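Encoded as structure tokens, the structure appears first; notes follow it.
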Amino acid sequence: MTGSTAHEARTAAAKAVLKRQSIETPSWAYGNSGTRFKVFAQAGVPRTPREKLDDAAQVHAFTGAAPTVALHIPWDRVEGGPEGYAELAAYAEERGVRLGAINSNVFQDDDYKLGSVTNPDPAVRRKAVGHLLECVDIMDATGSRDLKLWFSDGTNYPGQDDLRDRQDRLAEALRTVYDRLGDDQRMVLEYKLFEPAFYATDVPDWGTSYAHCLKLGEKAQVCVDTGHHAPGTNIEFIVAFLLREGRLGAFDFNSRFYADDDLMVGAADPFQLFRILYEVRRGGGLDTDSGIAFMLDQCHNIEAKIPAIIRSVMNVQEATAKVLLVDVDALAEAQREGDVLAANGVLMDAYNTDVRPLLEDVREELGLDPDPMGAYKRSGWQERIVKERVGGEQAGWGA
Ligand code: LRH
Ligand code: MN
């Protein structure tokens with residue numbers, strides 16, 4: 001096959017993958033967020049889970065690649081128990097999106113100061129496990145597959161608590177929740193190096209999450225939040241390893257310059273996103289049945305939220321298009337021959353390819369405007385929500 005026909009074949013194959021790409025947006029990114037210094041409220045921000053879904057539907061309408069929305073409990077709590085969540089799921093469907101992962105929250109209650117599921121006090125542990133089980137009840141109502149677990153649990157000073165005992169408590173709680181999962185449900189266990197704990201975090205790294213998941217069973221998978229690693233960590237190696245083990249369940253995509261900055265994915269380090277998605281592709285993670293949840297987990301503290309999320313979806317699409325254009329045969333050959341520069345060159349050729357025209361074609365073939373950001377701007381939705389969403393309590397982290 002000549003070079004050009006091979007490239008045409010790669011382009012056609014890439015289009016097929018890009019047309020079915022699904023990136024989950026986080027309900028909390030549509031609400032107000034900030035840092036410990038300040039939360040800058042923005043006009044037009046949603047006041048209810050339904051208004052968050054209205055905004056998420058805009059992102060999907062203009063990108064065609066964001067059909068699901070992750071919820072966070074209690075930030076997205078609705079009245080009416082399971083029926084209430086079933087109605088919320090129906091509301092989402094009517095707007096062309098579906099409810100995705102259910103995120104638990106055992107990091108904002110006074111009782112959890114010394115930990116939630118790892119707390120020395122068994123009553124506090126029972127309360128935390130109770131919330132996690134309530135989240136599974138909500139999954140039953142919304143039809144969500146994934147329970148996403150992130151624990152802020154940790155200590156600030158050596159000796160504050162027994163690190164081994166805390167792991168025993170964590171394992172016991174995870175087992176209780178795991179055994180409650182339905183056949184088609186999973187738990188994805190997210191790790192984070194530090195913050196809010198500043199000495200030892202109980203699930204600090206991929207190895208700790210992986211080890212707990214192995215003990216629990218197949219329905220327990222690791223969630224890789226791209227902002228949760230020590231500076232200099234080779235995240236794509238972790239991705240390659242977990243894919244090889246069949247334990248890469250989900251991504252929380254964002255980007256950072258320093259710590260858990262939760263900036264737009266690809267904004268701080270587009271080459272890192274490319275390297276991560278290359279290992280995703282290499283490990284079969286872009287195949288239809290990979291089961292990996294590609295989610296955004298971001299905070300748009302100063303920039304307009306809906307356009308920022310549209311831009312983020314486009315950043316993932318662009319990085320995905322680039323990795324799909326990698327000439328894998330030439331790469332494998334160069335690697336076999338130990339031709340370091342040729343091998344690196346193949347990857348850099350793909351990375352340096354301007355894939356924006358390809359994505360514009362994909363959008364047009366999907367009946368979408370080739371310019372999602374421009375189309376959103378022209379839609380007048382931003383002006384409309386600023387005008388309509390007056391009064392009431394704007395959504396936020398409630399921290
Ligand atoms: C923790 C985290 C987790 C979410 C929260 C919104 O830093 O990444 O995924 O629960 O952000
Ligand atoms: Mn996260």
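Indexing begins at 1, ligand by ligand and atom by atom, following the structure's order. None of these values were measured; they are calculated from a predicted model.
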- prompt: Does the pair Arg256/Asp225 count as a salt bridge with the N-to-O cut at 4.0 Å?
  reply: no
query: Would you call Asp252 and Lys148 a salt bridge, taking side-chain N to carboxylate O under 4.0 Å as the test?
result: yes
- prompt: To the nearest 10°, how many degrees is the angle Asp252 OD2 to the Mn ion (ligand 2) to Glu190 OE2?
  reply: 90°
Report the part of [X] (side chain from C-beta onward, or backbone N, CA, C, O) that has a heavy atom under 4.0 Å from ligand 1; answer both or neither where that applies.
X	result
Glu195	neither
Asp260	side chain
Asp262	neither
Phe151	neither

statement: If you compare Met295, Gln298, His72 by their heavy atoms, the one closest to atom 4 (C) of ligand 1 turns out to be His72
For the side chain of [X] and the backbone of [Y], is there at least one donor-acceptor N/O pair under 3.5 Å apart?
X	Y	value
Arg166	Gly115	no
Arg98	Ala89	no
Thr201	Val203	no

field: Protein heavy-atom partner closest to atom 11 (O) of ligand 1 - residue, atom, separation in Å
entry: Asp297 OD2, 3.2 Å
field: Which residue and heavy atom of the protein sit nearest atom 9 (O) of ligand 1, plus the separation
entry: Glu190 OE1, 2.6 Å
query: Is a side-chain donor-acceptor pair under 3.5 Å present for Asn301 with Ser33?
result: yes
Which of the ligand 1 atoms, numbered from 1, are nearer than 4.0 Å to a heavy atom of [X]:
X	answer
Asp225	8 (O)
Lys148	9 (O)
Asp252	9 (O)
Trp28	6 (C)
Lys192	7 (O)
Trp397	6 (C)

Over 60° means perpendicular and under 30° means parallel, so tell me whether [X] and [Y] are parallel, tilted or perpendicular.
X	Y	result
Trp206	Tyr210	tilted
Phe62	Tyr376	perpendicular
Phe198	Phe194	tilted

- request: With ring pair (Phe, Tyr, Trp, His ring centres under 6.0 Å) as the test, would you mind laying out the steps for Trp150 and Tyr191 before giving the verdict?
  value: CA-CA 7 Å; Trp150 171 68; Tyr191 57 87; over 10 Å; no
message: Checking one value in my table: which N/O/S atom of Asp297 lies closest to the Mn ion (ligand 2)?
response: OD2
message: If I consider every N, O or S atom in Asp225, which one ends up closest to the Mn ion (ligand 2)? I only need its name.
response: OD2
N, O or S from Asp262 under 2.8 Å to the Mn ion (ligand 2): no
message: Applying a strict under-4.5 Å side-chain criterion to I, L, V, M, F, W and Y, I'd like to know whether Met295 and Ile306 cluster together.
response: no
